[in-house]
Amino acid sequence: MRYYTYFPGCSASEGGAKAYNWSAKAVSRVLDVDLAELEDWNCCGSTPSGSVDELGAYCMATRNLALAEKRGLEMVTPCSACYVIFNRTNTYLNGYPPFKAKVNEALAAGNLAYRGTVKVRHLLDILTTDIGYDAIKSRVKKPLAGLKVAPYYGCQVVRPRFGFDDPEYPQSLDKLVLSLGAEPTNFPLKARCCGGSLVLSEEDVALDLIHRLLQSASSNGAECLITVCPLCQTNLDIYQSRVNKKFKTSYRLPVLFFTQLMGIAFGLEEDAIGLRNCIVPIEEVLAKYV
Amino acid sequence: MQLKTRSETFIEEICDIPGGEGIKRCIQCGTCTASCPNADKMDHTPAELIAMARAGMRREVLSSNAMWYCLSCYLCTVRCPRGIKQTGLMHAFESLAMRDGVSYAGSFTPTMYRSFNHFACALGSMPEFGFMTWFYMLSNPLRAWKMIPIALELFRHGRLSIKARRLTPEGTKQLRAILEKAETLGGVT
Amino acid sequence: MAKPKLALYWAAACGGCDVAVLDTNEKILDIASLVDIVFWPIAVDFKYHHVKAMADKSIDLCLFNGAIRSTEQEEIATLLRAKSKVLVAFGACACHGGIPALANFTSRAEILQRVYIEAPSNSNEQKTLPQLQTKVAEGELELPELFDDVKTLAQVVPVEYYVPGCPPPVDLILKLVDLYATGKLPPAGATVASDKSLCDECDRIKEEKKVTKFYRPHEIIPDPKKCLLEQGIICCGPATRGGCGMRCIKANMPCRGCFGPPPGVVDQGAKMLSAIASIYQGNDTAGINRMLEEVVDPAGTFYRFGMADSMLKRKRLQKS
Amino acid sequence: MSFEPKIVGILCNWCSYAGADLAGTSRKKYAPNMRVVRVMCSGRVDPTFVLKAFQKGADGVLVCG
Amino acid sequence: MEPKIGVYVCHCGANIASAVDVAQVTEYASNLPFVVAARDYKFMCSDPGQDLIKNDIKEKGLNRVVVASCSPRLHELTFRHVLENSGLNPYLFEMANIREQCAWVHEDKEKATEKAKALVNAAVRRVYLQEPLEKKEVKVNPCTLIVGAGIAGIQAALEIANAGQKVFLVEREPSIGGNMARLDKTFPTLDCSA
Amino acid sequence: MASVRSNKNIELMTYSEVSDVSGYVGNFKVQIKQKPRYVDISKCTGCGTCQEKCPIKADNEFDAGLGKRKAIYTPFPQAVPNVPVIDTTHCTFFLKSKCRACEKFCEAGAINYEQKEEIVEIEVGNIVVTTGFDSFEPSVIKQFGYGVYDNVVTGIQFERMSNASGPTDGKIVLKDGTAPKSVAILHCIGSRDENYHKYCSRVCCMYSLKFAHLLKEKIHGVTVYQLYIDMRCAGSGYEEFYERLQEEGVNFIRGKAGEITNLAESPEEQGKLMVIVEDTLIRRKLRLPVDMVVLSCALEPRADSERVARVFSLSRKADGFFLEKHPKLDPIATMTDGVFIAGCCQSPKDIPDTVAQASAAAARVLSMISKGSVEIESATAVVDEEHCAGCKVCIDLCSYKAITFDEEKKVSHINEALCKGCGTCVAACPSSAILGKHFTAEQIMSEIEGVLA
């Protein structure tokens with residue numbers, strides 16, 4: 001058993017990406033990974049808070065890190081945005097002592113202090129590095145032979161460089177797909193942006209980017225996509241119909257969290273991994289292979 | 001055109017931000033622009049924005065629309081041959097613009113960010129339904145109307161909860177105390 | 001002419017040095033006929049007040065064994081210094097601190113705690129620790145105070161000669177007596193032993209030293225003809241003064257360094273450590289870590305006899 | 001007052017001492033707490049030097065080579 | 001013989017003097033044991049700078065010299081020659097590196113000055129213990145090894161060989177030529193590279 | 001190259017590597033490992049029959065993978081010596097003990113499969129290291145698609161194509177054999193980039209200009225883009241060359257490409273490579289559709305430079321190139337007396353500078369030879385025989401093999417001519433019987449006390 005502090009993030013915990021949380025926990029149990037949720041955590045601040053009030057945003061992130069530090073374990077999050085925020089916070093706190101002092105001054109108002117020792121990792125990193133492809137492969141009950149999966153990394157799991165996978169041409173998700181018995185499709189845009197939160201404020205910008213992703217995935221033969229980030233999943237899944245409308249296309253590519261695909265291969269219950277939460281249904285595609 | 005509003009201290013202001021000091025090293029190669037998915041939408045390209053900042057054009061930089069189109073995809077940051085953290089700079093420009101009240105009015109992004117931060121600070125958690133409703137109402141109620149089909153779809157698939165996750169009362173109090181204190185410390189620098 | 005006056009004293013030591021004097025066997029009678037023993041607590045019944053009553057410099061030769069670690073030992077060392085013409089640091093403890101000086105790796109408080117409270121054989125329910133003053137029916141008794149630091153004799157009073165060894169070998173004792181008797185004593189400050197390291201007199205076959213693994217003496221049976229260090233047994237001979245007659249080496253056991261450093265060496269332990277590090281063949285981190293594990297108790301190995309006399313002196317005391 | 005450690009650096013003439021010179025020629029700034037003693041090779045470093053430095057009040061010893 | 005030490009603190013123009021209080025260091029040096037002369041000068045390595053040392057050796061009978069200036073890797077030999085030309089053994093000399101490892105790397109002038117003093121102190125203590133050493137010379141084998149037969153190696157080999165000396169030209173690849181042999185025309189004259 | 005062959009003072013040792021250097025300035029002993037060619041150099045006439053007859057083909061490294069060569073080959077037609085080698089990783093005889101075609105057809109009987117590696121020892125007074133550079137391998141920069149897109153090539157590949165004796169007989173062609181109609185030349189690939197090499201490689205601006213010129217010369221009507229950050233044309237005749245290229249109609253775009261893609265966004269882009277770049281002078285992001293992209297790659301330290309540095313006791317700079325004694329006052333000498341460096345192993349440089357530095361190195365060597373003698377280290381170590389107990393701890397420690405054991409006196413002895421004064425034995429001697437002159441324990445300890453006072 002491996003033990004981690006678990007930070008689900010807002011979207012996966014009570015937001016639109018609950019299925020991510022469920023499936024993450026379910027496959028972790030299968031792989032002997034203990035994800036103990038950080039108690040009383042708060043929103044990491046994500047990109048928007050940092051763009052409104054930088055210091056406040058860093059303080060929000062650091063409160064979680066300070067809480068996690070007390071437990072002394074590595075912290076794992078399934079959300080790419082949380083991952084980037086925490087790692088950036090750690091980098092700057094540890095690289096700029098006066099800044100750290102300032103953040104700690106604010107934290108002291110809540111009787112907290114942070115030394116800077118919590119290593120924050122993405123769930124994908126934990127599962128592929130610590131647990132490993134062989135262990136994952138050994139748990140597969142329903143190999144997804146023939147299923148063509150476009151591994152979509154998005155941006156913030158590999159950028160900026162926090163040492164996990166290549167920032168331009170990552171491989172971990174591709175290998176994971178292979179170890180589940182499925183076939184990763186060539187997907188040149190696999191680490192390009194889905195539009196992020198600008199889907200709310202600048203929908204056209206985002207739809208354009210989503211369109212390119214769907215086009216690239218489908219033209220390379222993908223039957224579904226998998227993602228490692230709640231926002232990516234939301235954009236690709238929910239806005240697919242709007243892309244179809246705007247660009248007069250007819251994509252019906254299911255978009256799963258990578259943990260959901262693992263759950264399918266592990267033979268877990270559909271409800272345990274929240275398959276019904278997908279807007280574009282996966283059942284048709286799965287029916288061909290499982 | 002003559003430059004009248006040169007701010008001699010703008011570059012120092014940026015350098016004091018953690019990760020901001022790299023701006024001095026820029027060689028204007030344009031890699032950031034060439035890597036940016038949204039550069040075409042910006043009134044000034046990312047590289048130009050850096051050049052303007054270095055020229056002390058504080059007002060022009062902060063009232064630009066460029067940073068509000070930043071997707072935080074970090075492509076510019078990993079490709080920059082000088083190790084400049086452009087994405088971080090964009091965030092810094094955004095927060096300075098917010099603080100100065102000069103943020104670009106032609107995009108809903110500032111409003112969206114503010115709404116998000118409002119909920120994140122107040123609740124310590126992000127109630128997606130509340131946040132989006134609030135944002136659409138603030139930006140343009142008509143847009144909210146257009147979102148209804150999506151909201152219904154989400155709801156049908158169990159992905160939209162009216163109820164939001166709450167911190168414990170102690171947790172909420174602690175977060176508030178920290179943020180209030182942070183408020184008094186006057187920004188990151 | 002009156003016979004020269006000889007005094008012997010036993011400070012912080014095991015008593016082996018006094019026994020070594022007796023080990024001269026029948027020659028002790030020669031010694032006794034040559035000199036008048038005026039003070040030797042284990043053999044002759046003189047009290048401190050007898051010594052105090054002597055005129056200064058009235059003792060011709062004083063063999064002082066043991067290190068100094070209490071007020072009593074310090075007082076007697078000062079006393080004997082005043083009364084003696086020639087004061088000899090006799091044995092490893094007097095010369096370099098010896099085994100007692102390993103106490104410098106701890107403190108008085110830790111020692112008392114361990115000995116009087118924690119030791120499993122204790123029955124000390126009141127947790128009584130030694131007191132400097134004790135009231136008894138006859139009045140108040142005073143006990144000597146134990147120091148934190150164990151010192152060599154020379155760190156307390158000036159010393160003329162050193163006879164090292166744990167204990168000093170008989171032939172060196174006889175050599176000292178002979179030098180004294182024939183008036184051929186070297187200049188003050190000299191050590192009555194070899195001027196080279198033990199390897200000089202060691203007759204084992206020595207080749208280039210390349211060690212890939214260190215053993216403790218009980219772990220292998222070494223070849224009795226070959227250099228022990230080359231066989232991976234930490235033999236302190238290279239950094240130890242010769243003159244002992246290879247007592248340990250002949251028993252197929254490594255030198256532990258009781259003769260102290262050879263002339264010119266400032267810190268015996270550090271020098272030995274440097275030599276060991278130089279001949280070890282591991283170059284990678286894993287190899288070096290393994291070596292560090294193989295050298296069990298480096299402090300006790302390299303500073304077994306020389307702690308008080310070393311540059312380390314002692315472990316840092318916790319400020320109370 | 002903050003802790004100002006005294007550090008003795010024992011550096012090899014051919015590499016790390018040259019490196020320290022290079023830091024100088026490139027005007028890299030660092031704290032003045034380290035005082036350098038040059039040796040012709042870090043192999044010359046005898047453990048007694050380290051002991052000596054600590055004995056004379058050093059808080060740290062950097063051996064580089 | 002009683003050691004008589006001279007200490008010379010160099011300004012190196014403004015290189016040292018702007019970051020270290022040279023006068024203070026000189027004053028400090030003059031009070032160190034066995035120091036009979038302590039001076040500071042703009043450029044110790046210049047001829048007038050060297051003459052300062054020569055004169056003091058002659059007039060004050062110095063028998064040991066410390067120069068606090070740049071790295072010994074730069075000018076140790078220069079100053080050893082000064083001692084030699086003044087009849088002293090060149091090894092009775094020590095340098096304190098107050099430029100590369102002090103003036104150029106520290107920003108706080110006061111602390112840099114303190115450090116410079118410590119370095120001078122160390123050099124003085126050391127030079128006090130130094131002993132004269134004998135110079136040794138060996139013959140030079142006239143053969144030369146050149147490693148790598150690209151354009152640089154070929155050029156060097158030809159020059160030495162044309163001067164009548166034996167050259168061993170070693171190349172890892174089956175043919176000489178190196179990267180140069182891969183090129184066609186070369187800038188800016190566009191002549192061929194063979 | 002030909003003059004090297006004909007110079008009787010030069011003993012050429014190709015296919016050889018220096019494996020060990022001992023000794024000191026004026027008197028080095030060098031071991032050279034001669035790899036087996038399997039061709040007897042004294043018998044081979046260079047007729048080339050063996051290469052014609054050899055049935056096995058392999059990628060030609062000399063052509064940067066563009067062309068093919070045989071398993072027995074000379075890297076290029078003008079090779080010196082003009083004697084082939086057998087590549088045992090491809091030769092059927094070495095892999096399966098079959099074939100022997102080359103042996104059969106060699107009239108001179110020069111093929112010898114039994115050749116073994118030989119170690120030759122030579123003695124020299126001076127050494128010049130001119131080991132050159134490697135070309136940066138751009139496939140690690142994923143966004144440029146080198147190795148993914150066929151028509152993204154490196155500068156060296158372009159050089160081989162444009163070389164009349166190269167794999168395409170001097171024609172610049174795409175993978176499909178046709179001539180490109182538009183080419184983008186990207187500067188600073190792996191240079192001036194914190195992610196790869198921070199330094200400027202110095203020659204790329206100029207060779208990129210040369211490429212543009214060659215393109216214009218060889219392909220009528222070709223469109224050429226130069227994507228540069230700064231044009232660095234400092235050198236005799238260089239700025240003039242830049243001006244000439246401007247007049248030849250090359251498109252200069254000031255900006256570094258962000259990425260290269262083959263994803264077309266419009267019909268005109270179909271089948272092209274799109275170079276995405278900001279023209280920083282007009283502040284526009286451009287998509288340039290081209291047929292070929294040339295990456296002007298950095299010059300980097302050779303992959304084995306760490307090992308070479310160890311063999312010759314050289315130091316390396318932070319960027320990995322060999323460290324000169326002083327960057328301005330002595331860029332030819334190194335910290336090891338008698339070992340000089342010249343050319344790109346010291347830092348990237350162009351041909352005129354390389355030739356100048358090589359000539360300077362030759363002059364330094366010749367001045368050493370004409371002086372005839374050299375002063376050696378006086379600050380050596382000596383054994384105090386009074387105290388040496390003959391424990392032999394020191395014997396094996398000396399990197400310069402200066403310590404021997406005197407079996408008669410039972411003490412160690414140091415050859416002061418070989419001793420470099422490093423002091424390792426001094427520190428290791430457990431009875432302090434070795435004195436390190438000029439770096440005695442007292443002197444060093446006194447200095448330590450001094451810096452702490």
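All values below were derived from every heavy atom in this structure, side-chain atoms included, with hydrogens, water molecules and symmetry-related copies excluded. The sequence lines fix the lettering, A, B, ..., with proteins before strands; numbering per chain opens at 1.
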Give, for atom OG1 of D/T25 and atom NE2 of F/H326, the distance between the pair rounded to the nearest 0.5 Å. 7.5 Å
Considering only heavy atoms and a distance below 4.5 Å, find which of D/K52, D/R38, D/R35 pairs most often with chain F. D/K52
Within a 6.0 Å radius of atom CD on F/E194, are there more than 12 heavy atoms belonging to other residues, nucleotides or ligands? yes
Interatomic distance, OH@D/Y17 vs CE@F/M335, rounded to 0.5 Å, equals 11.5 Å
Please name the pair of heavy atoms, one in F/M445 and one in D/F49, separated by the smallest distance, quoted to 0.1 Å. CG-CD2, 3.9 Å
Counting C-beta onward and ignoring hydrogens, is there a side-chain heavy-atom pair between F/L452 and D/K6 closer than 4.5 Å? yes
Applying a strict 4.5 Å limit to non-hydrogen atoms, the region of F/A441 in contact with chain D is both
Side chain, backbone, both or neither of D/V37 within contact of chain F (heavy atoms, under 4.5 Å): both
Indicate the atoms forming the closest heavy-atom contact of D/C41 with F/T424, along with that distance. SG-OG1, 3.9 Å
Neighbour count above 12 (heavy atom, 6.0 Å) for D/K29 NZ: yes
With a sphere of 6.0 Å drawn around NZ of F/K317, does it hold more than 12 non-hydrogen atoms of other residues, nucleotides or ligands? yes
Between SG of F/C429 and CG of D/D46, what distance do you get to the nearest 0.5 Å? 10.0 Å
Kindly compute the distance separating CE (D/M40) from CZ (F/F439), expressed to the nearest 0.5 Å. 3.5 Å
Under a 4.5 Å heavy-atom cutoff, which of D/G43, D/A53, D/G19 has the most pairs with chain F? D/G43
